[in-house]
Amino acid sequence: MSKDEVTLGEIIANFKITGEVNKIEQFGDGLINQTYFVETKGSSNPNYILQNKNTNIFKDIPGMMSNIKRVTAHIKSKVEQAGGDPEREAMTVIESKSGVPFYKDEQGNFWTLYLFIADTQTYESADTPEAAYAGGKGIGKFQRMLSDMEGELTDILPGFHNIRYRFQQWDEVVRKDPVGRKKELSAEIDWIESRRGEMMGFWKLVESGEIPTRVTHNDTKINNILFDQKGDVLCVIDLDTVLSSTVLNDFGDAIRSYTNTGLEDDPDLSKVSMDMQIFEGFTKGYVSEAKAFLTESEKRYLAFSAKFITYEQVLRFLMDYIDGDNYYKVTYEDHNLVRTRAQYHLLQSIEAQMDAMNAIVKESCSTI
Ligand code: ADP
Ligand code: GN1
Ligand code: MG
């Protein structure tokens with residue numbers, strides 16, 4: 001084993017695992033945490049997913065893990081009632097040897113461990129309307145299973161999809177311009193400012209309660225879902241952001257990633273657009289499950305939520321670029337600016353197709 005593996009091996013030794021560690025390697029394409037695959041010796045022992053949690057972003061890991069324990073316990077009970085496999089259809093948190101769902105090392109880093117769910121597939125975008133339908137059904141089912149969970153979750157990320165809060169952050173970062181990047185960005189800043197009123201208008205409906213608050217995932221991009229070999233959603237993962245918010249965040253963020261014909265950080269804007277057939281597939285799958293709880297006000301804003309979340313993502317990438325790249329992992333100097341432009345191109349494509357999107361939502365809600 002390499003030096004890093006030895007160190008990681010020492011971390012894992014603090015968790016209640018079954019079997020002996022064979023190999024540890026970096027895993028996945030997440031933008032926030034460091035993720036590792038932990039292989040154990042012997043085919044009867046489970047493998048694991050180890051994560052070094054990003055404490056720059058997550059300030060309350062015990063609170064986060066307590067939310068995740070509650071959500072996974074609730075989902076597992078639903079899966080069991082339906083005769084499914086709770087270790088494949090829900091995340092399983094492995095406790096540390098001191099009996100808590102995380103381990104804090106001597107440097108103050110927080111680590112978590114989950115059972116690895118084998119024989120799955122992950123994607124960066126949906127290739128077919130059928131795949132999008134499966135994804136929509138998966139997110140709708142995730143929300144439906146949690147729709148009767150009692151008690152509030154701890155708000156470990158205050159203001160996460162709260163655009164009023166994002167504008168406060170934005171105003172401060174733009175004012176400070178800490179690394180002097182603002183002077184080149186007047187067009188990009190105008191993309192944000194010209195839509196500010198519209199976005200606040202929507203958010204006021206959430207603040208007034210006209211659009212209700214429920215248990216939501218808040219990071220439903222397609223690579224946070226494990227599909228089985230048949231292409232059905234097996235398990236919704238990356239539960240770090242489970243919070244009480246509007247389900248529209250989950251629908252909107254999924255549309256932002258599923259329907260994109262290019263990459264989230266595509267330097268070639270001609271590849272980026274919103275695919276209507278994928279939108280239709282996802283919407284139909286989502287509504288088939290979510291009709292059990294959606295209110296009229298939620299249905300009315302489903303299509304708009306894709307615009308809202310994509311706009312928010314443009315703002316977040318641009319804000320991080322102006323701030324000097326402190327939030328998202330970047331692999332080259334202008335990465336956050338490239339992401340900003342690609343997401344803005346997607347936003348324009350969504351805006352151009354809004355009438356057709358609303359028509360599909362209306363039809364799906366009345367016929368399914
Ligand atoms: P991040 O918060 O950095 O996005 P994720 O929790 O999404 O981290 O994990 C990164 C990747 O690791 C996922 O996209 C997925 O491919 C894989 N992964 C995470 N948890 C599991 C699991 N329990 N079983 C199998 N694969 C997983
Ligand atoms: C982050 O953790 P990951 O890579 O699944 C981010 C999301 C963004 C996304 C953009 C906690 O998601 O909000 O939409 O990157 N997660 C957090 O790809 O900020
Ligand atoms: Mg992720």
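For the single chain, residues carry numbers from 1 onward in sequence order. All ligand and atom numbering here is 1-based and tracks the order in the structure.
Contact atoms of ligand 2 toward D238: 2 (O), 3 (P), 5 (O) (distance under 4.0 Å to a heavy atom of the residue). For ligand 2 and F58, the ligand atoms under 4.0 Å from any heavy atom of the residue are 11 (C). Those atoms of ligand 1 that come under 4.0 Å of a heavy atom in N33, given as number and element, are 1 (P), 2 (O), 3 (O). Taking every non-hydrogen atom of T241 and a distance limit under 4.0 Å, the qualifying atoms of ligand 2 come out as 11 (C). Per-residue contacts place N224 under 4.0 angstrom from the following atoms of ligand 2 (heavy atoms of the residue considered): 5 (O). Near N224, meaning under 4.0 Å from one of its heavy atoms, ligand 1 places the atoms 7 (O).
Of all the heavy atoms of D240, none lies under 4.0 Å from any atom of ligand 2, so neither backbone nor side chain is involved. Of all the heavy atoms of L226, the ones lying under 4.0 Å from any atom of ligand 1 belong exclusively to the side chain. By the criterion of a heavy-atom distance under 4.0 Å, neither the backbone nor the side chain of D29 is placed next to ligand 2. Contact annotation for N33 and ligand 2: no heavy atom of the residue comes within less than 4.0 Å of the ligand. Contacts between R256 and ligand 2, counted as non-hydrogen atom pairs separated by less than 4.0 Å, involve the side chain only.
Ring centroid separation for the pair Y258 and Y123 does not come in under the 6.0 Å cut-off.
Atom 15 (C) of ligand 1 has as its closest protein heavy atom I237 CD1, 3.5 Å. Shortest contact from atom 17 (C) of ligand 2 to any protein heavy atom: Y327 OH, 3.4 Å. When only non-hydrogen protein atoms are considered, atom 24 (N) of ligand 1 lies nearest to I117 N, 3.0 Å. Of all protein heavy atoms, the one closest to atom 10 (C) of ligand 1 is T35 OG1, 3.7 Å. Atom 4 (O) of ligand 2 has L31 N, 2.8 Å as its closest protein atom, hydrogens excluded (heavy atom only). Nearest protein heavy-atom contact of atom 1 (C) of ligand 2 is I32 CG1, 3.6 Å. Of the protein's heavy atoms, N223 O, 2.9 Å lies nearest to atom 14 (O) of ligand 1. With hydrogens left out, the protein atom closest to atom 7 (C) of ligand 2 is D219 OD1, 3.6 Å, a heavy atom. Of all protein heavy atoms, the one lying nearest to atom 17 (C) of ligand 1 is F27 CE2, 3.6 Å. The shortest contact between atom 16 (O) of ligand 1 and any protein heavy atom is with T122 CG2, 3.7 Å. Regarding atom 23 (N) of ligand 1, its nearest protein heavy-atom neighbour is L115 O, 3.0 Å. Counting only heavy atoms of the protein, atom 22 (C) of ligand 1 lies nearest to I49 CG1, 3.7 Å.
Paired with F110 under the rule ring-ring contact (aromatic ring centres under 6.0 Å, His included), one option of F102, Y103, F58 passes, and it is F102. With D253 as the fixed residue, the side-chain contact (heavy atoms from CB on, under 4.5 Å) test singles out one of N218, T241, D219, T216: D219.
Checked by atom type and distance alone, the side chain of Q121 pairs as donor or acceptor with a backbone atom of D228 at under 3.5 Å. A donor-acceptor pair under 3.5 Å links the side-chain atoms of R70 to the main chain of E152, judged by distance alone. Judged by distance alone, the side chain of Y48 and the main-chain N or O of T18 form a donor-acceptor pair under 3.5 Å.
In this structure, Y327 and D320 approach most closely via the heavy-atom pair N-OD1, 2.9 Å. Between K59 and N56, the closest heavy-atom pair is NZ-O, 2.9 Å.
Of the listed options R316, E312, K221, E264, R316 places a heavy atom closest to atom 13 (O) of ligand 2. Of the candidates Q51, R88, Q121, M91, Q51 brings a heavy atom nearest to atom 5 (P) of ligand 1.
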Given D238 and H217, is the side chain to side chain donor-acceptor pair (under 3.5 Å) satisfied, shown in steps? CA-CA 9 Å; D238 200 348; H217 184 282; 6.0 Å; no
Determine, step by step, whether W170 and R196 satisfy the side chain to side chain contact (heavy atoms under 4.5 Å, CB included) criterion, reporting the C-alpha distance in whole Å, the side-chain angles of both residues, the deciding distance to 0.1 Å, and the verdict. CA-CA 11 Å; W170 164 261; R196 189 192 277 248; 3.7 Å; yes
Does the side chain to side chain contact (heavy atoms under 4.5 Å, CB included) test come out yes or no for F160 and R166, once each step is laid out? CA-CA 8 Å; F160 191 59; R166 293 293 179 194; 3.4 Å; yes
Side chain to side chain contact (heavy atoms under 4.5 Å, CB included) between Y344 and E188: does it pass, once the steps are laid out? CA-CA 9 Å; Y344 181 65; E188 286 79 0; over 6 Å; no
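F304 places none of its side-chain heavy atoms less than 4.5 Å from the side chain of V361. With a 4.5 Å cut-off on side-chain heavy atoms, L248 and L302 count as touching. Side-chain contact between F251 and I139 is absent, with no heavy atoms from C-beta onward closer than 4.5 Å. Residues T112 and V93 form no side-chain contact, since every pair of their non-hydrogen atoms from C-beta on lies 4.5 Å or further apart.
Considering backbone and side-chain N/O atoms, D238 comes within less than 3.5 Å of an N/O atom of ligand 1. Checked by distance only, ligand 2 and N218 stay at 3.5 Å or farther apart across all their nitrogen or oxygen atoms. Checked against a 3.5 angstrom limit, the closest N/O atoms of Q313 and ligand 2 fall inside it.
Restricting D238 to its N/O/S atoms, the shortest distance to the Mg ion (ligand 3) is reached by OD2.
Under 2.8 Å from the Mg ion (ligand 3) lies no N/O/S atom of N223, from backbone or side chain alike.
A donor-acceptor contact closer than 3.5 angstrom is absent between the side chains of D29 and N223.
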